[in-house]
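Shown next, in C-alpha cells, is the structure this report addresses.
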Amino acid sequence: MVMTLLQLLNDRVKAALALAGAPDAQAIVQQAAKPEFGDYQANGVMGAAKQLKKNPRELAQEVINHLDLQGIASEVSIAGPGFINIRLDNGFLAARAAEALKDPSLSVKADHPQTVVVDLSSPNLAKEMHVGHLRSTIIGDALARTLTFLGHNVIRQNHVGDWGTQFGMLTAYLIESGNEQNPAHALEDLEDFYRRAKVRFDEDAAFADRAREYVVKLQGGDEQVLALWRQFVEISLSHCEEVYKELGVDLTRKDVMGESAYNPALPGIVAELKAKGLLTEDAGAQVAFLDEFKNKDGEPAVYIVQKQDGGYLYSTTDLAAARYRADVLKANRALYVVDARQGLHFQQMFTLARKAGFVPADMQLEHVAFGTMMGDDGKPFKTRSGGTVKLAELLIEAEERAFALVSEKNQDLSEAERRTIAKAVGIGAVKYADLSKHRTSDYIFNWDTMLAFEGNTAPYLQYAYTRIQSLFRKAGLPEAHQPIVIAEPAEHALALVLAQFPDAVDSVSREACPHFMCAYLYQVATQFMRFYEACPVLKGAVETQQSRLQLCQLTANTLKTGLGLLGIEVLDTM
RNA sequence: GCGGCAGUAGCUCAGUUGGAUAGAGCAGUGACCUUCUAAGUCACCGGUCGGGGGUUCGACUCCCUCCUGUCGCGCCA
C-alpha cells in the first residue's frame, strides 16, 4: 500500500538523520506552520544536535545532504535554528491525486486490521431517547464507520439499559393501568408512561412494594412478567430504531447487546473474582479494593461488585461485558463511547478486568469520553420548562429550521426537493456541530451557530460539494487517465490537502477523535473554494479543463467519503 | 477532603509527539457577483494562552503552586 504523506516524510528524514550520525533521533515532521515555510517542516534536527553536541544548522545541512526526496519535494531548505522546510513537488502531488482518483478507498488502508468493539449509544429503554444519548450515538457511529473504512473488523455493541429495578416498576404499572393486553398503545409516549409510573411508585407504598416484587419475579424468570418485559423492551427498541433511522446512524437489532444479556454471567464473575482473591466482604457487600487508585493516605479505592442484598450492579455487568468482548468477540481493541463522568468507573473496571484475567494484556480498552451538551446559559441543555429534550423532537426541529432557511435561499425548488435538502442539511448540521468539537470538552448547543451555514459547519462542506456537482452538470465528468497538471498556487494547495486524507483518517482512528476529520474536511472545502475563485475550471484550454475537473472530482470524492465517515450526507444541489 | 477534566480574541472553538511572529469561524469595518451556485472569496480589526514560579536553545503544550468553574468519589446506571 501507499504510505501516508506523514509516514513517507518521517521515514525519509529519519533515514537521513541516521546517515548524518543521529540514528536514534526522531524526525518530527509536521505540516508547516506557515505557507511561506513550505508544506512540511521537520523539527527533529534541533533535538538531535543537542544530544550530539553539534551545531544544529550544520547538522541540518548534513541531513539535507543525505535526504532522498527525489521526485517528492521540489524544495528543501534550512530555516531558523535548524528547521528543515519541505515543499512538495507539483508532479508528485499530481501523481498522488491520480492514484487516489482510481481508488474507491482514496488510498486508505490499515496496516494491521484488528477486531474492534465500539460500545455506543446505549440508551436506557425505560425512557425515551433524549439529547443525552446524542453524543455517544453519533461519535460512536463516526468512529465505527472510520474504523470499518480502514479495514478493521468492527463490532458495534449497543449496551442498552434493559434490566434493573425500573423495569419492575414499569411492568407493574403496565398491569395496574390495564394495558397488559395492548402495551403498544400505552407506550406511545414512553416518557409520559415512565413519569406516571414513577409518580405512583413515589406516592403509593403498596404499589412500590408490588414493583419490587416484580423485580424479583423478573430476575427469577417468572414467565408472565418476562413476557411483559419483553414486549416493553421490544416497543422501546423500535422507538430507538426510528430515531437511529432519522439520524442516519448505522445501528440495528443485531448490534443490541443489552444489560440483561449478561445477567446469567454475573454470579460467575463474582465467583471468579472471589476465587482469585480479589474480593473482600465489607459491610455485607462484595468489594474489590484497588491499590491502583489509592489516595494520599494510602487508602485504596472501593469498587463494589455485589450489594449486601446479593444484587448485582452495573460494575458487575460491565465486567461481564468486557469478558464477553475478549472471549467471545475476540476483540483486539474495545472503545467505550460513554459520558466523561463515568471515567473513574471505567478506569477501575478496566483495572479489575485485567487483574482478574477477563481481558488479555494485549487488548486495548479505551474509554472514549465526551463532555456534556450545554445550553446557551452554560448549563446542561434542557427545554424552556427545564425538562429533558427528546431526541426525536430535536431532530424534527433541526429539519424544520433547515427547511425554513432552504426555502428562503432557494424559492425555485419544489417543496419535495427542499424537504430532502432540509433533512440532509438539518441533520448534518446537528451532527457536525457536535463532531467538530473535541469530544472531551463540554460544548454549547446553539441552533443559530450550527445552522448559520457559514464557517466550519456541515452546510459549508455540503455547499462545496454541490458547487462541484454543478460544474459536472455543465461540463460532464472528466475523462479518465487525462494528465493532471498542478501549476497555480491554489492548485498546489488543493492537491496537497487532498493528499492528506489518509493521514486524517489515521489520526481519527488512533485518537478516537472525529473532530480531526471535521477540521480536515473544512480545510479541503476552504482550499477548494479558493481554487474555485482563482482557477476557472470551464474556461481554459481543454487540457486545463480536464486537469481541473479531475481535481474537482477528487475533491468531491474526498468530501463525500469524509462526510460519509461522519454519517453526513452530501447533495447535488442546495 | 481526595481525585478527574477544563480556563486561549467580545462570542463559539482549533492548536497532533515541546518548535519559527498562537490560528479559524461568528460578530464589527471595508472590498469583490454582465464571468463555473455570493450558503462564496479577499483585506482590516481583535490575545498578559486564568495568575505566579520552574525545567529548556525554545513552553498554550512538561513540572510545582494558587485562583475559578465543572464532574466524580460503598451498595443508581
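Just so you know, these numbers come straight off a predicted model, no measurement behind them. Letters A, B, ... are given to chains in the order of the sequence lines, protein chains preceding strands, and every chain is numbered from 1.
A distance of about 31 Å separates the C1' atoms of B:rC32 and B:rG15, rounded to the whole Å. Nucleotides B:rA20 and B:rA59 place their P atoms 10 Å apart, quoted to the nearest Å. For B:rU37 and B:rU41, the C1' atoms lie 14 Å apart once the distance is rounded to whole Å. Comparing B:rC44 with B:rC63, their C1' atoms sit 41 Å apart, to the nearest whole Å. With both ends at atom C1', the span from B:rG7 to B:rC13 equals 13 Å, rounded to whole Å. Nucleotides B:rU61 and B:rC73 place their P atoms 31 Å apart, quoted to the nearest Å. Across B:rU8 and B:rG52, the matching P atoms stand 15 Å from one another, rounded to whole Å. With both ends at atom P, the span from B:rC62 to B:rA39 equals 42 Å, rounded to whole Å.
Across the protein-nucleic acid pair, A:M129 atom CE and B:rA77 atom P stand 20 Å apart, rounded to whole Å. Taking atom CD on A:Q545 and atom C1' on B:rC36, their separation rounds to 10 Å, with Å as the unit. In this structure, A:L559 places its CG atom 15 Å from C1' of B:rA39, rounding to the nearest Å. As a whole-Å value, the separation of A:F346 CZ from B:rA77 C1' is 10 Å. Across the protein-nucleic acid pair, A:F531 atom CZ and B:rC36 atom P stand 15 Å apart, rounded to whole Å. Protein atom CD of A:Q347 is 14 Å distant from nucleotide atom C1' of B:rC73, rounded to whole Å. In this structure, CG of A:L125 is placed 15 Å from P of B:rA77, rounded to the nearest angstrom. In this structure, the CD atom of A:Q342 is 11 Å from the C1' atom of B:rC76, given to the nearest Å.
Taking a pair to require two hydrogen-bonding distances under 3.5 Å in either a Watson-Crick or a G-U wobble arrangement, B:rG69 pairs with B:rC5. Under the Watson-Crick or G-U wobble criterion, with both distances below 3.5 Å, B:rC49 is left unpaired in every strand shown. Across all strands shown, B:rG40 forms a Watson-Crick or G-U wobble pair with B:rC32, both key distances being under 3.5 Å. With both pairing distances under 3.5 Å, B:rU56 is matched to nothing as a Watson-Crick or G-U wobble pair. With both pairing distances under 3.5 Å, B:rC13 is matched to B:rG23 as a Watson-Crick or G-U wobble pair.
Residue A:Q308 is classed as a base contact, given a heavy-atom separation below 4.0 Å to a base. At the heavy-atom level, A:C535 lies under 4.0 Å from base atoms of the strands shown. Heavy atoms of A:T573 sit under 4.0 angstrom from at least one base atom. Counting any heavy atom pair closer than 4.0 Å across all strands shown, A:R548 reaches no nucleic acid atom. A:P459 comes within contact range of no nucleotide atom at all, as no heavy-atom separation falls under 4.0 Å. Contact annotation for A:Y460: backbone-only contact, meaning every heavy-atom pair under 4.0 Å involves sugar-phosphate atoms and none involves a base. Residue-level contact check: A:D572 touches the bases, meaning some heavy atom is under 4.0 Å from a base atom. Residue A:L471 is in base contact, counting any heavy-atom pair closer than 4.0 Å across all strands shown. Residue contacts for A:A283: at a heavy-atom cut-off of 4.0 Å it reaches a base atom on one of the strands shown.
Comment: A:D377 does not engage A:K379 in a salt bridge, judged by the lack of any side-chain N to carboxylate O separation of less than 4.0 angstrom. The pair A:R548-A:E543 fails the salt-bridge criterion, with no side-chain N (NZ, NE, NH1 or NH2) lying under 4.0 Å from an Asp/Glu carboxylate O.
Looking only at distances, a side-chain donor or acceptor of A:T316 sits under 3.5 Å from a matching main-chain atom of A:V305.
Among B:rC36, B:rC26, B:rU35, the nucleotide with an atom closest to any side-chain atom of A:K539 is B:rU35.
Remark: A:R341 is not in phosphate contact with B:rG4, judged by side-chain N or O atoms under 4.0 Å from OP1 or OP2. The shortest distance between the side-chain N/O atoms of A:K409 and the OP1/OP2 oxygens of B:rU37 is not below 4.0 Å. Considering only side-chain N and O atoms, A:Y303 lies nowhere under 4.0 angstrom from the phosphate OP1 or OP2 of B:rG72.
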Report task. Would you sort out whether A:Y40 and A:Q31 count as a side chain to side chain contact (heavy atoms under 4.5 Å, CB included), showing the intermediate values? Result -> CA-CA 4 Å; A:Y40 284 91; A:Q31 286 183 48; 3.8 Å; yes
Query - Check against salt bridge (Lys or Arg N to Asp or Glu O under 4.0 Å), A:E400 and A:R419 - result: CA-CA 9 Å; A:E400 283 305 319; A:R419 288 280 171 204; 3.5 Å; yes
Query raised in the report: Do A:Y262 and A:H159 pass the ring-ring contact (aromatic ring centres under 6.0 Å, His included) test, and can you show the C-alpha distance, the side-chain angles, and the key distance before you say yes or no?
Result: CA-CA 10 Å; A:Y262 300 104; A:H159 192 85; 5.6 Å; yes
Query raised in the report: Going 5' to 3' along nucleotides 7-20 of chain B, which nucleotides have protein heavy atoms under 4.0 Å from the base (write B), which only from the sugar-phosphate (write S), and which from neither (write -)?
Result: -----SSSS-B-BB
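Taking the nucleotide of RNA chain B with the nearest heavy atom to each of A:D282 and A:T526, the more 5' of the two is matched to A:T526.
Residues A:F346 and A:Y336 bring their aromatic ring centres within 6.0 Å.
Look at B:rC33: its glycosidic torsion is within 90° of 0, and that puts it in the syn range.
For the residue pair A:Q166/A:N124, the side-chain donor-acceptor check at 3.5 Å is satisfied.
Taking the six-membered ring where the residue is Trp, A:H130 and A:H133 present tilted rings, their angle falling between 30° and 60°. Note: A:H345 and A:Y314 have parallel aromatic rings, judged against thresholds of 30 and 60 degrees for the angle between ring planes.
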